[in-house]
Amino acid sequence: MAKKFSYDVVKRWKGNPLLTIEDIPFPCNTVFNAACAKYNGQYILLLRIEDLTGRSVFALARSDDGYHFELEPDPVMTPCTQDDCFKEYEKKGIEDPRITKIGDVYYIMYTAVSSYGALLALAKTTDFKNFERIALVSEPENKDGVLFPEKINGKYARLDRPVAGGLGNIWISYSDDMIAWGGSRCVMTVRDDHWDSWRIGASSQPIKIDSGWLIIYHGVKSASGGPIYRLGAAVLAEDDPSKVLCRSAIPILSPREYYERVGDVNNVVFSCGAILEDDGEQLKIYYGASDTSICLGTANVNELMQFCTIGEH
Ligand code: BMA
């Protein structure tokens, strides 16, 4: 039987929030969330920042220890304005990036927003200086795209979150070239009677652990005061990640601190990435709090697993 806990299993870093608008070296409205990766021994955050026009751009922050970050002076990706890229589809901004390393390439799946709605786009970098757009890879309405770090049964795989019938579930799709996707299956659904009853979406890139693919996901409940965004965890089968092996019955992190409760959007903890340290146990989860600051939570993978129950998902 799974253990019962009264508090969040994810521990907040004592220096939270780690980055706020005051740390951003260019004019902006707010900082939302961040994808993360390790590159050349450094921790990299790719931050979703809303500029003064109200559209989101991506900026880069680097750190030697994963706790103290310095930002580059200018955004590294802004909504496309030339005809040779995705101008028409990024008119309202680029949002919620996730980074997955495959070989020596860091792929960035992000949300392109326009009057058509939100859809998934893919870009890549090998040095975090030059960023190249690859393709638009979904129709709207779709968000929360994350690539798996290796091929599954010979194909690239991704999780995403199409919205249908007002609800958002996590799906998986496969591809030979990362551009054309198919073989789609629903992986995990919202749970009527739970904290993740309205929408769910993968937050972190899938991380390989002994029991399968660990994902941190966000779950949203629609409350009378507005939606509440919390984080959960699940493990997907290594050879067939359309199968959920276990899933947290209760959230692993909920908005409780003031900076998570009050901001541009209240009651939000929303992650776009986590890093498993080399010991295979310590997980750093970077998350946006109230769409207003970037925070860090840490968790031990074995403790997280005690939260994930086996059964109906
Ligand atoms: C989601 C995304 C996130 C945001 C969340 C709460 O749809 O846009 O970036 O944190 O809503 O507002």
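Keep in mind that what you see is a predicted model, and the values were worked out from it rather than measured. Just so you know, ligand 1 is whichever comes first in the structure, and atom 1 is the first atom listed for that ligand.
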Undergrad: Using a 4.0 Å cutoff against the non-hydrogen atoms of Phe32, which atoms of ligand 1 qualify?
TA: 9 (O)
Undergrad: Just need the protein heavy atom nearest to atom 8 (O) of ligand 1, so name the residue and atom and give the distance.
TA: Arg48 NH1, 3.2 Å
Undergrad: If you count heavy atoms of other groups shown closer than 6.0 angstrom to NZ of Lys243, is the number above 12?
TA: no
Undergrad: If we set the cut-off at 4.0 Å for heavy atoms, which region of Thr111 has an atom near ligand 1: side chain, backbone, both, or neither?
TA: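 Neither; no heavy atom under 4.0 Å.
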Undergrad: Do Ile250 and Phe307 have side-chain heavy atoms sitting under 4.5 Å apart?
TA: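 A side-chain contact under 4.5 Å exists here.
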Undergrad: By the ring pair (Phe, Tyr, Trp, His ring centres under 6.0 Å) test, which pairs, at least two apart or in different chains, include something from residues 136-165?
TA: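 Passing the test, one end in residues 136-165: Phe148-Trp213.
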Undergrad: So, do Ser56 and Glu50 sit near enough that their side-chain heavy atoms are less than 4.5 Å apart?
TA: yes
Undergrad: Under 4.0 Å from a heavy atom of Lys143: which atoms of ligand 1 are those, numbered in the order shown and with their elements?
TA: 7 (O), 8 (O)
Undergrad: Suppose we measure from atom 10 (O) of ligand 1 to each protein heavy atom; which comes out shortest, and what is that distance?
TA: Asp291 OD1, 2.5 Å
Undergrad: For atom 2 (C) of ligand 1, grab the closest protein heavy atom and report residue, atom and distance to one decimal in Å.
TA: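 The protein heavy atom lying closest is Asp96 OD2, 3.1 Å.
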Undergrad: More than 12 non-hydrogen atoms from neighbouring residues, nucleotides or ligands closer than 6.0 Å to CG on Asp210, yes or no?
TA: no
Undergrad: Checking a contact table here: which protein heavy atom is nearest atom 11 (O) of ligand 1, and how many Å away?
TA: Tyr229 OH, 3.3 Å
Undergrad: Evaluate the side chain to side chain donor-acceptor pair (under 3.5 Å) criterion for residues Tyr174 and Asn153: first the C-alpha distance (whole Å), next the side-chain angles of each, then the deciding distance (0.1 Å), finally the verdict.
TA: CA-CA 10 Å; Tyr174 299 92; Asn153 301 319; over 6 Å; no
